[in-house]
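To start, the structure under review is shown below, and the notes come after it.
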Number of protein chains: 2
Amino acid sequence: MNVTGHTRGSASIRDVAAAAGVSYQTVSRVINGHASVKQSTRERVLAAIDELGFRRNATALALARGRSRAVTVLTANTTHYGYASILQGVEEAARAAGYSVGVGVLESADEAAVTVEVQRAADAGGGLIVIAYDPAGVRALEAVPAGLPVVGVVETPASDPTGDRPWVWTDDRKAAYEMTRHLLSLGHETVHYVAIPSSTRRTSARTDGWRQAVQEAGAPEPPPLQGGWGPAGGHAAGLELARDPSVTAVLCGNDDLALGVLRALHEAGRPVPGEVSVAGFDDAPHSAYLTPSLTTVRLDFTGLGRAAFALLHGVLEESAPVAPRPVSVPELVVRESSGRPPA
Amino acid sequence: MNVTGHTRGSASIRDVAAAAGVSYQTVSRVINGHASVKQSTRERVLAAIDELGFRRNATALALARGRSRAVTVLTANTTHYGYASILQGVEEAARAAGYSVGVGVLESADEAAVTVEVQRAADAGGGLIVIAYDPAGVRALEAVPAGLPVVGVVETPASDPTGDRPWVWTDDRKAAYEMTRHLLSLGHETVHYVAIPSSTRRTSARTDGWRQAVQEAGAPEPPPLQGGWGPAGGHAAGLELARDPSVTAVLCGNDDLALGVLRALHEAGRPVPGEVSVAGFDDAPHSAYLTPSLTTVRLDFTGLGRAAFALLHGVLEESAPVAPRPVSVPELVVRESSGRPPA
DNA sequence: ACCGCGAGTGTGACCGGTCACATTCATCCC
DNA sequence: GGGATGAATGTGACCGGTCACACTCGCGGT
């Protein structure tokens, strides 16, 4: 069946050459649209290509050309809204630049597992984009062997443990600060905080922003609750907060957490925003449609992804190395879930 | 700086060989863990590898070995919960099998654009997995050139227009049927349906299942509303349904639509499930935490992704070709948003 | 002393393209 | 008429690995 005797169907450039009665180089010229090929020859080659179903082997091309035009995105999860949006942004920019994108999921934050995964991504060739919002990601960023082109998507540059590499970020600290101030300005005595897992040993940017606002206002500073990533964690934290009648405002590390808190408050019979105000972080697509709709901070995740790619692209192509900078200014979105405290 | 004169830092197998005073073949043996290498030699090579920071070039390896161990997932969106979960499932299975996974986003359903994207994915090498739940995906599946290993993730096999290729699916038709019957069994006179965009010219599997149940029950069959993919579409459809006092049960094509419907009913002052029951499809992670929590159908998306990869893997490795089969039985999850109709 | 054998190592070709350079041949110009 | 010019095409090496095979030992068996 396999006429050419090749691995998998596809004919090579030399098969085409033979069929068209020219040299392989002429075929190469044709498929690259090189000018100096006689019209009649070109047509003959094109016909042969068509007949043999030739398609240029990407692997060989990458090897010959020297560079692979590929980036791999390393992330703890593809399902989480923020992560998925970053990935989408990277893909968008990569596609525009003619790059292909790969994904690697960091299944566990375990040192060894992460290292293996980074290795795999590394020998996939091309550059690396690591989403380092969580422990697994941060560890992955650390595990990237020196000399490999990599860009980290981090919470904040200050908290980045691998200071000598490019990164992109949004100003989460400022956003959390602003949101906390907003809640305080509504008249709340203080604002409680339900945290996402911090990406580093130290505290997170969002936590910092919240703390700063609370301290500046001279308000009491309740210990942040750990909520994990999903609504389940938020729910647990929410039940705890609901028990404390002094709680009137809760800021959550992301919208999923906020959803869990909302639900817990509902179950505990504490109306939102009547008794308690709740705010989230991320502006996930469903947040506007919750009841009550969620006050939150809008982050431009796809923009972040695009910026990450742009940065990496600069490194890979050795063109003007784009300077790392905060990518976007998070925007407060005030909806129904926040309001004045009960009189 | 660049001692070896190579493209990008990394030393080749021959550089290592020179440094260790052996032939390149011996180096190859060492990095492949071949047995017959003298211990002392092995150590010398390993030392050289370490010193030069050698890492094996994936491109060259793929070329030499003949096959690339890569799959590309083509999808209209990475952000949507179901799609993202399928991707995650594919990645999981691919990783376990030593494959790398790429992503291509189909930005528009436009014929030409889709073709371009398929081309790109095709010459990325390896196999293809196309998520064909929507028009863009279906078109992509159609545009895959013959002879390319591809697996489609489709709504239902019957509605698959390219019948000669392997595919995976969940039995959405049955799931919609069951859910509709469930709602009818609660005493609702009929069930209205808010549809996701159908993947084909014809009607979709979910719509079919709904229709069948309604017809079997001899209930009136209201025309399905088109809702799009996101909560916004559901919201619009919901507002329309809210105006009709005879509406007491609404089945939605996915959970996002259901969320929009829920919101619309709330705005219209129609309590759920007091006056209207609402059911979704997918069991997205937030659906359990909505208020009211959402009755829905749980689909095993990651399992679907894993199955898609398994199928493709079988094709690629030419081992026992796994037979296409429905991957999982969707499961009804009854929560607060559904109940008896008002008396 | 000779052969066989297996451990340890090296050589050449190859995967499927690209690149740099060489070649052929018609044309143009002085 | 002869060299310069340039269009059209071919040749060889190369990218960085792998594979198939050949080679060189040292050693044991007969």
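As a basis for the values below, the full set of heavy atoms in this structure was taken, side chains included, without hydrogen atoms, waters or symmetry mates. Proteins get letters first, then strands, A, B, ... in listed order; numbering begins at 1 in each.
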Derivation of the side-chain hydrogen bond (donor to acceptor under 3.5 Å, both in side chains) call for B:T78 and A:Q88: CA-CA 6 Å; B:T78 64; A:Q88 178 117 357; 2.8 Å; yes

Checking salt bridge (charged side-chain N to carboxylate O under 4.0 Å, His left out) for the pair B:R120/B:E117: CA distance, chi angles, key distance, verdict? CA-CA 5 Å; B:R120 288 175 46 81; B:E117 203 42 37; 3.7 Å; yes

Walk me through it: do B:T72 and B:I129 pass the test side chain to side chain contact (heavy atoms under 4.5 Å, CB included)? CA-CA 6 Å; B:T72 301; B:I129 292 178; over 6 Å; no

Candidate pair A:V118 and A:L74, rule side chain to side chain contact (heavy atoms under 4.5 Å, CB included), full reasoning: CA-CA 8 Å; A:V118 169; A:L74 238 37; 3.9 Å; yes

Could you write nucleotides 8-13 of chain D as a row of B, S and -, 5' to 3', where a protein heavy atom under 4.0 Å of any base atom gives B, of only sugar-phosphate atoms gives S, and otherwise -? SBBBB-

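In the helix from C:dA1-D:dT30 to C:dC30-D:dG1, the end axes, each obtained as the rotation axis mapping the C1' atoms of four pairs onto the next four within a five-pair block, lie 60° apart to the nearest 10 degrees.
Separating the CG atom of B:L61 from the P atom of D:dT18 is a distance of 5 Å, rounded to the nearest angstrom. Following rounding to the nearest Å, A:R65 (CZ) and C:dA20 (P) show an atom-to-atom distance of 12 Å. Rounded to an integer number of Å, the gap from B:I13 CD1 to C:dT9 P is 15 Å. Across the protein-nucleic acid pair, A:F54 atom CZ and C:dG17 atom P stand 4 Å apart, rounded to whole Å. Taking atom CD1 of residue B:I49 and atom C1' of nucleotide D:dG16, one finds them 14 Å apart after rounding to whole Å. Straight-line distance from the CG atom of B:L63 to the C1' atom of C:dC14: 9 Å, rounded to whole Å. When the P atom of C:dG8 is taken as reference, atom CD of B:E43 falls 14 Å away, rounded to whole Å. Per the geometry, NE2 belonging to A:H34 stands 11 Å off C1' belonging to C:dC19, to the nearest Å.
Listed by first then second residue, pairs satisfying side-chain hydrogen bond (donor to acceptor under 3.5 Å, both in side chains) with a partner in residues 90-99 of chain A read A:E91-A:R95, A:E92-A:R306, A:R95-B:E107, A:Y99-A:E317, not counting sequence neighbours.
Between A:Y133 and A:Y83, the ring planes are parallel. Angles under 30° get that label, and only those over 60° would be called perpendicular.
Atoms CG and CZ, on B:L148 and A:R55 in that order, are 6.0 Å from each other to the nearest 0.5 Å. A distance of 13.0 Å separates NE2 of B:H80 from CG of B:L87, quoted to the nearest 0.5 Å.
Here the side chain of B:A60 is nearest to one of D:dG16, C:dT18, D:dT18, namely D:dG16.
In terms of phosphate contacts, A:N57 brings no side-chain nitrogen or oxygen within less than 4.0 Å of OP1 or OP2 of C:dC15.
By the neighbour-count criterion of 12 heavy atoms within 6.0 Å, atom CD of B:Q119 is densely surrounded, having more than that number from other residues, nucleotides or ligands.
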